[in-house]
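Structure first, commentary second.
Both ligands and their constituent atoms are indexed starting at 1 by order of listing.
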Amino acid sequence: MRLWSIWLSGFALICLSFYSTQRLPPLIDQITKQTQTQKAVRDLGNPRITIFSAPFPFTGSEVADRQSLAVRSWLGLSPQVQVVLFSKHPSVFSFAEAFGSLVSVEPDIDFTFLGTPFFHSMMARSYSFKSDISVLVHPEAVLFPDFLSTLNYAHELDHDWLLVASLRNVCHFPFHLDEDGKHWRREDGKLIRSRKEIIHSQRLEQNLCDGKKLLAWNNGDLPLHSVVLPPFLYGRGVHDNWIINEALSSAFRFVFDASFAISSFHLNDEEHKSYWDLRGSNDSTSENRSWEYDGNSILGMEYGSLFYKKSNYSDLVKLLKCDGQYTFVDTTESVFHPLGYDTAPSLGKGRILRSWRKSKRSACLDALKPVNRISDCSLMDRIKPSESLEFQFSLESLLPLIADKNKTIVLAVAGYSYKDMLMSWVCRLRRLKITNFIVSTLDDEIYKFSILQGLPAFRDVLAPSDISFNECHFGTKCFQRVTKVKSRMVLKILKLGYNVLLSDVDVYWFKNPLPSLSSFGPAVLPAQSDEYNETGPINIPRRLNSGFYFARSDGQTIAAMEKVVKHAANSGLSEQPSFYDTLCGENGSNRVGDNRCVEPETNLTVHFLDRNHFPNGAYQGLWQRKKVRSACKKKGCFVIHNNWISGRQKKLERQVSSGLWEYEMSTRMCIQSWR
Ligand SMILES: *[C@@H]1O[C@H](CO)[C@@H](O)[C@H](O)[C@H]1NC(C)=O
Ligand SMILES: *[C@@H]1O[C@H](CO)[C@@H](O)[C@H](O)[C@H]1NC(C)=O
Ligand SMILES: *[C@@H]1O[C@H](CO)[C@@H](O)[C@H](O)[C@H]1NC(C)=O
Ligand SMILES: *[C@@H]1O[C@H](CO)[C@@H](O)[C@H](O)[C@H]1NC(C)=O
Ligand SMILES: *[C@@H]1O[C@H](CO)[C@@H](O)[C@H](O)[C@H]1NC(C)=O
Ligand SMILES: *[C@@H]1O[C@H](CO)[C@@H](O)[C@H](O)[C@H]1NC(C)=O
Ligand SMILES: *[C@@H]1O[C@H](CO)[C@@H](O)[C@H](O)[C@H]1NC(C)=O
């Protein structure tokens, strides 16, 4: 017995020690992690820095030179600097190529149809990079080594931080940067020994309210702000202000203004400031193109108090450098700011600040003076709401901008209740690199929404006003009115000389159907069939789906569409039966073969599209499959229609759960591969 008990307790001990060694690793992990962090702290002189920017295309030589100078000055800061440029423009890709792996181009974010990047999408992308410090800066900002030392200093802080700085405006910059990106020369070729030489040659103005800003943050655990960043357009200062305001009020991070510790600047050039404003425009509409900027004022209304909150940067802690020492200062009281964080004592390695306080009269104080001039800058004053909600883009002005070389556009018609569906559809087309789509909006809400999302949208002013409620689905009165709006709009565009692929927003596109659809030639209208039977003819009565068809701008098609619109106007039904009855004859008297109809008066042929390549929502129960995407791909689908389901909510759920969904509703961004 005793032997047994010894054995047993011995065994138990073995188990216990085994168990505890099993438990150990996390602890060891922690310790090594700690030493790793300590090691990282020791390596602080060398944080990995990623600088993000959204350059203009390198087309104009002046812009190209300034941006090139800027990027070279960034790369000259440290070998640890990586540059990421947000753009889709070929000129940016070829510029980046010259720098090898140090500069990369990121096209997979959201842009407006005019090519302006979305700020919220840029920020989201920047969070996914793994460097120690992220910097977001204007593409023409020239950075000097004092920026790097400021970042190095900030990198030592024990708290997550957000650094903001305004860029000085300079009108004239008579210096060159050497090939190595490190040495500046005067115009006469003489090497510049001290940065002061550069700085003092300029009358420098800076103002955190108006000026272009630089944002930098360490990639710590804490987010910059708590609320979701609205879809701001990049290019105006307001989004920077928004970030600063939200970072301050969320109070996650230590926010400070380093404008006076760094001497970065950008060249002031009024003319080219409006680049994004004018892009793509060459016509009379350009002067009314201001919504790209004023989009922010639309946002102002949409985000209400959130956005109208006053900014008061005089409260912002300033980082100053005096006698080679960095110091945080509350400029409103001209004394050291206690920072208000629990970790404050260790912030900045507990520098002795009282002594600084005593030497208030030091030269540093002089440097403070301009700071006091920066008073509150309220955004309220500079935003003029409502102005930009005018219908800036008419159908006529959009068509030449949007159409492809075949003068073809893809038309979607949407009301507000379908806004998420619309966006998923748009994101899908963007992913397929299809850019010739245009959105006819049925109400003010969806128009505003579409503009904010950078879509080429116009307001169909003739649309009935009460068609955008939730239950506007097949079979309802509302649905009938909406569909009639669609055929009327198609006819209008055909008459303007453009071919139209009308696609409901609940049609998911697997691949671009346009080359296939345009191969049918003139006087043929290819349209989706609503036949769900797997065999038999697909052109039997009322099986023409008016939610996906391709109409050419030719005489026969226009004449036939005119008949459809006229019929629909006098019909109590939706436009779908009007389409069929007009083109294929009541009871299908104009049917030819199994998949066509020929309208005798106009000679227009309706070609019902192969149900395996353009399946409707009831065909083969495809939507019920576990893997809708692969099932459709196997069949060679071009598109699949999410119809034959009742109710907007059910339709939405079916599409989201099937994975044929490309839009993140909470952040208002297209789902990208990096997310
Ligand atoms: C720009 O305008 C000029 C003259 O007004 C015209 O010849 C040219 O085709 C236009 N270019 C584009 C891209 O619209
Ligand atoms: C721009 O808009 C204003 C008012 O919204 C209008 O009076 C003017 O004609 C427009 N200009 C052009 C060129 O479309
Ligand atoms: C901004 O802050 C300063 C100093 O704290 C204060 O005097 C001023 O009234 C503030 N302005 C606003 C609009 O809150
Ligand atoms: C444009 O038209 C040509 C000739 O009809 C056709 O081959 C091509 O596929 C069309 N492109 C698109 C995108 O439809
Ligand atoms: C499907 O087609 C077959 C053959 O044409 C026919 O016998 C059958 O009744 C059809 N089914 C439906 C549901 O229409
Ligand atoms: C279509 O069929 C219905 C019933 O089968 C009939 O009453 C109607 O007259 C037909 N219409 C035409 C134009 O043939
Ligand atoms: C339709 O085609 C027929 C035969 O090809 C022709 O006689 C008739 O004039 C055409 N009608 C129209 C309106 O083009």
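- Residues Tyr532 and Tyr619 keep their aromatic ring centres 6.0 Å or farther apart.
- For the cysteines Cys637 and Cys632, the sulfur (SG) atoms lie at a distance of at least 2.5 angstrom from each other.
- Within a 4.0 Å radius of atom 2 (O) of ligand 6, the protein has at least one heavy atom.
- For Phe614 and Phe548, the distance between ring centers is under 6.0 angstrom.
- Screening Leu395, Val500, Leu401 against Ile438 for a side chain to side chain contact (heavy atoms under 4.5 Å, CB included) leaves a single residue, Leu395.
- Protein heavy atoms are found inside the 4.0 Å sphere centred on atom 11 (N) of ligand 6.
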Practice task
Verify ring-ring contact (aromatic ring centres under 6.0 Å, His included) between Phe579 and Tyr549, making sure each step is shown before the conclusion.
Solution key: CA-CA 11 Å; Phe579 255 93; Tyr549 60 90; 5.0 Å; yes
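- Under 4.0 angstrom from ligand 4, the non-hydrogen atoms of Pro515 come from both its backbone and its side chain.
- Remark: minimum distance from atom 14 (O) of ligand 6 to any protein heavy atom is reached at Asn587 ND2, 3.4 Å.
- For atom 13 (C) of ligand 4, the closest non-hydrogen atom of the protein is Asp404 OD2, 3.9 Å.
- Note: Phe129 and Phe52 meet the aromatic proximity criterion, with ring centroids under 6.0 Å apart.
- Residue Leu514 has at least one heavy-atom neighbour below 4.0 Å for each of these atoms of ligand 4: 14 (O).
- What sits closest to atom 8 (C) of ligand 4 on the protein, heavy atoms only, is Asn406 ND2, 3.7 Å.
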